[in-house]
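Reading through the C-alpha cells given below for one structure.
In what follows, chains are A, B, ... by sequence order, proteins preceding strands, each numbered from 1.
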Number of protein chains: 2
Amino acid sequence: MDYRHQPAVTLAEVAQAAGVGESTVSRVLRNHGSFSRKTRDRVMEAVERLGYVPNRIAGTLASAGSRLVAFVIPSLSNIVFPDVLRGASAVLEANQHQAVFSVTDYDPEREEALVAAMLAWRPTAVMLAGFEHTQGTLKMLRASGCRVAELLDLDGTALDLAVGFSNRAAGRASAEFLLRRGYRRIGYVGHDLDRDTRAAKRHDGFCEALGAAGAALAGREIHAGPSSVEGGRLGLERLLARYPDLDAVYFSNDDMALGGYFHCLARGIPVPSALALFGHNGLDIGRVTPQPLSTIRTPRVATGQVAAELVVADAPPQAVDLGFELIEGATA
Amino acid sequence: MDYRHQPAVTLAEVAQAAGVGESTVSRVLRNHGSFSRKTRDRVMEAVERLGYVPNRIAGTLASAGSRLVAFVIPSLSNIVFPDVLRGASAVLEANQHQAVFSVTDYDPEREEALVAAMLAWRPTAVMLAGFEHTQGTLKMLRASGCRVAELLDLDGTALDLAVGFSNRAAGRASAEFLLRRGYRRIGYVGHDLDRDTRAAKRHDGFCEALGAAGAALAGREIHAGPSSVEGGRLGLERLLARYPDLDAVYFSNDDMALGGYFHCLARGIPVPSALALFGHNGLDIGRVTPQPLSTIRTPRVATGQVAAELVVADAPPQAVDLGFELIEGATA
DNA sequence: CTGAAAGCGCTAACAT
DNA sequence: ATGTTAGCGCTTTCAG
C-alpha cells in the first residue's frame with residue numbers, strides 16, 4: 001500500500017519551466033558560478049511555483065561529500081549522549097551538515113554492525129564513544145576514508161580525531177579530593193563496568209590514586225545493567241548493608257550518586273557527616289538538590305561542538321583535551 | 001586539506017574481481033533474483049577481499065525509498081525527545097532504516113528551515129512534535145509525498161499519522177486528581193508556554209477542569225526559558241512568595257516538579273501536608289526520590305516505537321492514542 | 001542463471 | 001552568461 005505519493009519535482013522540470021538549462025538552475029540554486037540577475041529571478045520564480053526541493057541524494061552522488069555526520073552512540077538514556085548530540089547538532093546545522101545516529105546499547109558487536117550500516121551512507125565523519133571497538137569496526141573505519149572522531153575519552157590510541165577528557169584522571173582527581181577531605185573508608189557503587197569502559201577507567205583511576213596514598217577501596221557494589229538513579233539507590237543500600245562503617249562513597253556517575261543521595265535522605269543518614277557522596281558528570285540537577293552534589297563536571301556539550309567543528313573544518317588528526325572541573329558541592 | 005581519502009571500492013570493481021556482471025553482484029548482495037551457489041561464493045569472496053561497502057546514496061537514487069527517517073525535534077535537553085528517539089531507533093534499526101535528526105529549539109521558523117533541509121534527503125517519513133507548525137512547513141510536508149508523523153500530541157488535526165496522548169486530557173486528569181484529594185488553593189509553575197505548546201495544552205486542560213468544578217488557579221508563575229529543575233525550584237520559590245497560602249502546585253513537567261520538591265526539602269516545607277506537588281511525565285527519577293512524585297506517566301518510548309512501526313509498515317493515516325497513567329505517588 | 005544497458009537527479013567540466 | 005554532456009554507483013528491465 002502506498003499512501004501519499006507524488007513524484008517529486010526535479011531540477012530538469014524547473015529548468016524547463018524557467019526556460020533555461022539544467023546547469024543554470026544548479027548554479028543559481030547553489031549560488032556558484034555566474035548568471036544574470038534576470039535568469040536568477042526566472043529560476044527562483046519557477047522554483048517557488050513548482051515547490052522544488054533539491055534532491056541531496058542525487059547531489060551527493062554527483063559531487064563530493066555527503067555532508068552527513070554519523071553518530072554511533074551507546075545510549076540515549078544516559079543524558080551524556082544527548083548532550084553530545086546537542087552540542088554537535090548545533091554546529092552541524094549551522095554548517096549545512098546532517099546528523100545521523102544509531103544506538104549500540106553498549107554492545108561492541110552491535111556497534112560494528114551499525115558502523116557498517118552508517119558507512120553505506122558515505123558520511124563525512126563517524127563519531128563514536130571512546131576507543132574500545134572490535135577489530136572489525138577498526139578495520140572498516142580505517143578503510144572507509146572518512147573522518148573518525150572518538151569522543152569522551154582520552155585514555156587510549158585514537159584512530160584520527162579524539163575529543164573529550166581523561167576518565168582516568170577524573171577518577172584520580174575524585175579520589176584525591178576525598179582523601180584530602182579526610183575520608184578513609186571509601187566505597188564504590190557502580191554500574192556494569194564491562195560495557196561502560198569509560199566508567200571502568202574512572203574506577204581504575206580512582207583506585208590508582210587511593211593506592212598511591214596507601215589506601216584502597218573499602219567496599220564495592222556493582223549494580224547490574226546501565227546506570228540509573230534507582231541503581232544508585234539500591235547499590236548504596238546493599239553496599240552499606242555489607243560495609244556499615246564507610247565514611248564516603250564514589251559513584252560511577254551522577255545518576256547513581258543521586259540515587260545514593262535519595263537513599264540517605266530517605267533513611268535519615270546525615271550527608272556528609274555520616275557518609276560523604278561523590279558523583280561524576282556535573283549534571284544540572286545535582287546543582288539544585290537540597291545539598292549540591294560533589295562531583296566532576298564534564299564537557300559533554302563542548303565535546304560534541306568541538307568534534308563537529310573539527311570535522312566541518314576538516315582539521316588534521318589530533319586529540320583535544322577539554323578537561324573537567326571538580327565541583328566541591330556539599331555532599332563531600 | 002584532505003585527511004584520509006581512499007576512493008571507496010565500487011560494485012563495478014567487485015564485479016570485475018569476481019569475474020561476473022554488475023547486476024549479478026547486485027542480486028547476490030540483496031539476495032534477490034536468482035544466481036548459482038557458485039557465483040554467490042565468488043562474489044562474496046570478492047566482497048570480503050576488497051572490503052566492499054555498498055553505497056546507499058547510489059542505491060537510493062537508483063531504486064525507490066531512502067529508508068531514512070527524519071526527526072525534527074524541539075530539544076535534546078528535555079529527556080522526552082531522547083526517549084522518543086530511543087523507542088523509534090530500536091524499531092528503525094531492526095528494519096534497516098536510518099534515523100536523521102535536527103533540533104529546532106522550539107522555534108517554528110527554525111523548524112520550517114530544518115524540515116526543508118530534511119526533505120532534501122527524500123526521507124521515508126518526517127517525524128515532528130505536535131501539530132503546531134508554520135504554513136510553510138505544512139505546505140512542504142504535504143507536497144513532499146513522504147509520510148508525516150506528529151508525535152506526543154492528539155489535540156489537533158493531523159496531517160497523516162499522529163501518535164501520542166492528549167495533553168489536554170492529561171491536564172484535566174491532573175486537576176481532577178488534586179480536587180479529589182481535597183486541594184483547593186492550587187497554583188501553577190510552568191516554563192515558556194508560547195514555545196512548548198503541549199505544555200500549554202496541559203495547562204489549559206488543567207484550568208478547564210478546575211473551572212468545571214467551580215474552582216480556578218489561585219496563582220501562577222512562569223519561568224522564562226525551557227523547563228529545568230532549577231526553573232522549577234525558582235518558580236516555586238517565587239510563587240510561594242506571592243501566594244503563601246497555596247495547598248497544592250501543578251508543574252509543567254517532572255523536571256520542574258523535582259525542582260519544586262527540592263525547594264520544599266531545603267526549606268523544610270512538609271510535602272504534601274503543607275504543600276502538595278504534582279508533575280507530568282513520570283520520569284524514573286521521580287520514582288526514587290524520598291517521596292515518589294505524584295505525576296502522570298506518558299508513553300514517550302512507546303510513541304517513538306509505534307510511530308516507527310507505522311512508518312516502516314507504511315500503515316494508513318491514523319491517530320494512535322497511547323494514553324497516559326496517573327501515578328499517585330506521595331507528594332499529593 | 002547471467003550480462004548489457006538504460007536510467008535515478010544532479011554536478012562539473014567543457015563548449016559556446 | 002548559459003547550454004550540452006558525461007558521469008556519480010547502483011538497481012532494474014530486458015535479452016540471452
Side-chain N,O ([X]) to OP1/OP2 ([N]) below 4.0 Å:
X	N	answer
A/Ser26	C/dT11	yes
B/Arg30	D/dT12	yes
B/Ser36	C/dT2	yes

On DNA chain C, does the nearest nucleotide to A/Val53 precede the nearest nucleotide to B/Gly33 from the 5' side, or the other way round? Give the residue.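 The residue closer to the strand's 5' end, by nearest nucleotide, is B/Gly33.
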Checking contacts here: which listed nucleotide (D/dC10, C/dG3, C/dC10) is nearest the side-chain heavy atoms of B/Thr24?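 The answer is C/dG3, which lies nearest to the side chain.
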Check every atom of D/dT11, C/dT11, D/dG3 against the side chain of A/Leu11 and return the nucleotide holding the closest atom.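 Shortest atom-to-atom distance from the side chain points to C/dT11.
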Distance, rounded to the nearest Å, where [X] contributes [atom1] and [N] contributes [atom2]:
X	N	atom1	atom2	result
B/Leu61	C/dC10	CG	C1'	8 Å
B/Arg56	D/dG9	CZ	P	18 Å
B/Leu29	D/dT11	CG	P	8 Å
B/His32	D/dC10	NE2	P	17 Å
B/Asn55	D/dG7	CG	C1'	14 Å
A/Asp41	D/dA1	CG	C1'	15 Å
B/Arg67	D/dC10	CZ	P	17 Å
A/Glu22	C/dT11	CD	P	10 Å

Taking any heavy-atom pair under 4.0 Å as a contact, classify [X]: base, sugar-phosphate, or nothing.
X	answer
B/Ser63	sugar-phosphate
B/Ser34	base
B/Thr60	nothing

Nearest 0.5 Å, what's the [atom1]-[atom2] distance between [X] and [Y]?
X	Y	atom1	atom2	value
B/Asp153	B/Leu128	CG	CG	11.5 Å
B/Met118	B/Met140	CE	CE	12.0 Å
A/Leu92	B/Phe101	CG	CZ	8.0 Å

For B/Arg147, is there an ion pair with B/Asp160 - N to carboxylate O distance below 4.0 angstrom?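 B/Arg147 and B/Asp160: salt-bridged.
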Using 4.0 Å as the upper bound for N to carboxylate O, is an ion pair formed by B/Asp83 and B/Arg86?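 So B/Arg86 pairs with B/Asp83 through a salt bridge.
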Measuring only between side-chain heavy atoms, which start at C-beta, is A/Trp121 closer than 4.5 Å to B/Ile57?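 A/Trp121 reaches B/Ile57 side chain to side chain.
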Testing B/Leu151, B/Leu85, B/Thr104 one by one against B/Ile73 for a side-chain contact (heavy atoms from CB on, under 4.5 Å), which residue passes?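 Output: one option passes, namely B/Leu85.
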Protein and nucleotides 13-16 of chain C: nitrogen or oxygen contacts under 3.5 angstrom:
none

